Amino acid sequence: GLLGIFSLSILIVIIFCIFNIYGFPVFPFDFAKSAGFNTVGTINSLGVLAAIGITLALSLLNAGVKKMSVILNWLLILSGLWLLIILNFWILWVILIIGLLTSIIFSAIQGSYQARNLILPMGIITVAILMMVSGFNIRTNSGLSLEVSPSFKSSLSITYKALSEKPIFGYGQENFVLAYDKFKPEGINKSIFWNFRFTDPSSELLNSFAVTGFAGGILALAFLVWLLYLSWEKIVSREASLIVPAAAASITAFALYPFNLTLLFAFWFFAGLLILDSVQKEIQTHAVIELESSPSVSVLTSAVFVGLLV
């Protein structure tokens, strides 16, 4: 299904990247031979996708998939975990931990978690905590460059000042760099980044407020809260769901890391599946309106649909 295709896609990208890191580039082009090259974006963006992918793979394993799928999911878990160990970036570990804890809690409340299924996620969480505490670094030895972005404190300050100047609609899509140029911390002028222009803050949620103002930022925050509510509903109702843990990891990523197009696609992919999974039961228990037999409803629905597209 869709989840299997998504998992396989993440696995392929991670394996290609790991080959590049160890000096065995998959593609013959010069630009594709650098250690951090991948088709997702920055190496940390791929790490975010790997953390979400590991969470999804564990959910699929616990659901009892076919033998070939079991092999692919194990490969995704092992390769994704190895990539995270190489990067050892605390945000990636937090995203993974939140996803795995959600999986454990969800299954425990459901009563479907066996003791043997608890070993792997708890083991990964232990590794994640040890890596964050130890500060173990093999990233630089792997030829990977560090990814630099404004700190959360600086991003929050810039977003606050941007909202103070343009509160309703912000600076416009992809224009965080304008807010950064105007409100960047004074201390940055004394560092090696004095002439560097950051195009994104440290969080996609903060970016929503900076570039779309309160109009877009509050809607984004409300949408995240709604997704959390839907996830909680699935947990307390003890309904089986493969989506909730990966959706929790995606929501955490939205709050902690700036998104590119690929990460946005992954976020909306899981958000859409979570919403569909949540309302499916409601749809089945309510009467279906036949649009063809109700012209007024048909016209209204078409107008709303076109409006949403615009």
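What's counted below: heavy atoms across the whole structure, side chains too, no hydrogens, waters or symmetry copies. Keep in mind it's a predicted model, so treat the numbers as computed, not measured. In this chain, residues are counted from 1 in sequence order.
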Open item on the list: Measuring centre to centre across the rings, with the benzene-like ring taken for any Trp, is Phe267 within less than 6.0 Å of Phe269?
Closed with: no

Task: Stepwise side-chain contact (heavy atoms from CB on, under 4.5 Å) test for Leu81 and Ile124 - done: CA-CA 8 Å; Leu81 189 58; Ile124 295 176; 4.0 Å; yes

- [ ] Report yes if some heavy atom in the side chain of Lys234 is under 4.5 Å from a heavy atom in the side chain of Ser278; otherwise report no.
- [x] yes

Open item on the list: Counting only heavy atoms not in Phe19 (residues, nucleotides, ligands), do more than 12 fall under 6.0 Å from its CZ?
Closed with: no

- [ ] Applying side chain to side chain contact (heavy atoms under 4.5 Å, CB included), name anything that partners Trp74, two or more places apart in sequence or on another chain.
- [x] Leu61, Val70, Leu78, Leu120

Task: Side-chain (Asn38) to main-chain (Gly41) donor-acceptor, under 3.5 angstrom - done: yes

Task: Non-hydrogen side-chain atoms of Ile52 and Leu96 separated by less than 4.5 Å - done: no

Task: Any side-chain heavy-atom pair of Glu204 and Tyr257 under 4.5 Å - done: no

Task: Transitive ILVMFWY side-chain link Ile5 to Leu273, under 4.5 Å - done: no

Task: side-chain contact (heavy atoms from CB on, under 4.5 Å) evaluation trace for Leu11 with Ser79 - done: CA-CA 8 Å; Leu11 173 62; Ser79 60; 3.5 Å; yes

Open item on the list: Is the distance between the ring centroids of Phe270 and Phe6 under 6.0 Å?
Closed with: yes

TODO: Applying ring pair (Phe, Tyr, Trp, His ring centres under 6.0 Å), run through Trp268 and Phe223 and close with a yes or a no.
DONE: CA-CA 11 Å; Trp268 287 109; Phe223 185 70; 5.0 Å; yes

Open item on the list: Same cluster or not: Leu261 versus Val40, using hydrophobic residues (I, L, V, M, F, W, Y) connected whenever any side-chain heavy atoms lie under 4.5 Å apart?
Closed with: no

- [ ] Please check if the side chain of Thr55 supplies one atom and the backbone of Ala51 the other of a donor-acceptor pair under 3.5 Å.
- [x] yes

TODO: With the side chain counted from C-beta on, respond yes when Thr212 and Asn207 share a heavy-atom pair under 4.5 Å apart, and no when they do not.
DONE: no

Open item on the list: Could you check whether any side-chain heavy atom of Phe16 comes within less than 4.5 Å of a side-chain heavy atom of Val13, counting everything from C-beta outward?
Closed with: no

Task: Any donor-acceptor pair under 3.5 Å from Ser157 side chain to Lys153 backbone - done: no

Task: Same apolar cluster (I L V M F W Y, side chains within < 4.5 Å links), Leu230/Leu219 - done: no

- [ ] Please answer: with hydrophobic residues joined when any side-chain heavy atoms are less than 4.5 Å apart, are Val133 and Ile97 in the same cluster?
- [x] yes

Task: Residues Ser250, Phe254; criterion side-chain contact (heavy atoms from CB on, under 4.5 Å); working and verdict - done: CA-CA 6 Å; Ser250 300; Phe254 193 94; over 6 Å; no

Open item on the list: Any heavy-atom pair between the side chains of Asp200 and Tyr180 that's under 4.5 Å?
Closed with: no

Task: No-hydrogen, no-angle side-chain donor-acceptor test under 3.5 Å, Ser45 and Thr42 - done: yes

Open item on the list: Heavy-atom count check: over 12 atoms from other residues, nucleotides or ligands less than 6.0 Å from Trp232 CH2?
Closed with: no

- [ ] State yes or no: do Leu3 and Leu8 share one hydrophobic cluster built from I, L, V, M, F, W and Y residues joined by side-chain heavy-atom distances below 4.5 Å, directly or via other members?
- [x] yes

Would you mind writing out the side-chain donor-acceptor pairs for residues 167-177 within the sub-3.5 Å range, not counting sequence neighbours?
{"unit_1": "Tyr171", "atom_1": "OH", "unit_2": "Glu165", "atom_2": "OE1", "d": "2.2"}
{"unit_1": "Asn175", "atom_1": "ND2", "unit_2": "Tyr171", "atom_2": "O", "d": "2.9"}

- [ ] Evaluate the side-chain proximity of Pro245 to Leu56: yes if any heavy-atom separation is below 4.5 Å, no if none is.
- [x] no

Task: Nearest-0.5 Å distance that lies between atom CZ in Phe214 and atom CG in Leu221 - done: 11.0 Å

Task: 4.5 Å side-chain heavy-atom contact, Ile91 and Phe152 - done: yes

Open item on the list: Set out, in order, the CA-CA distance, both residues' side-chain angles and the distance that settles side-chain contact (heavy atoms from CB on, under 4.5 Å) for Ile104 and Met122, then state yes or no.
Closed with: CA-CA 9 Å; Ile104 292 171; Met122 290 303 297; 3.6 Å; yes

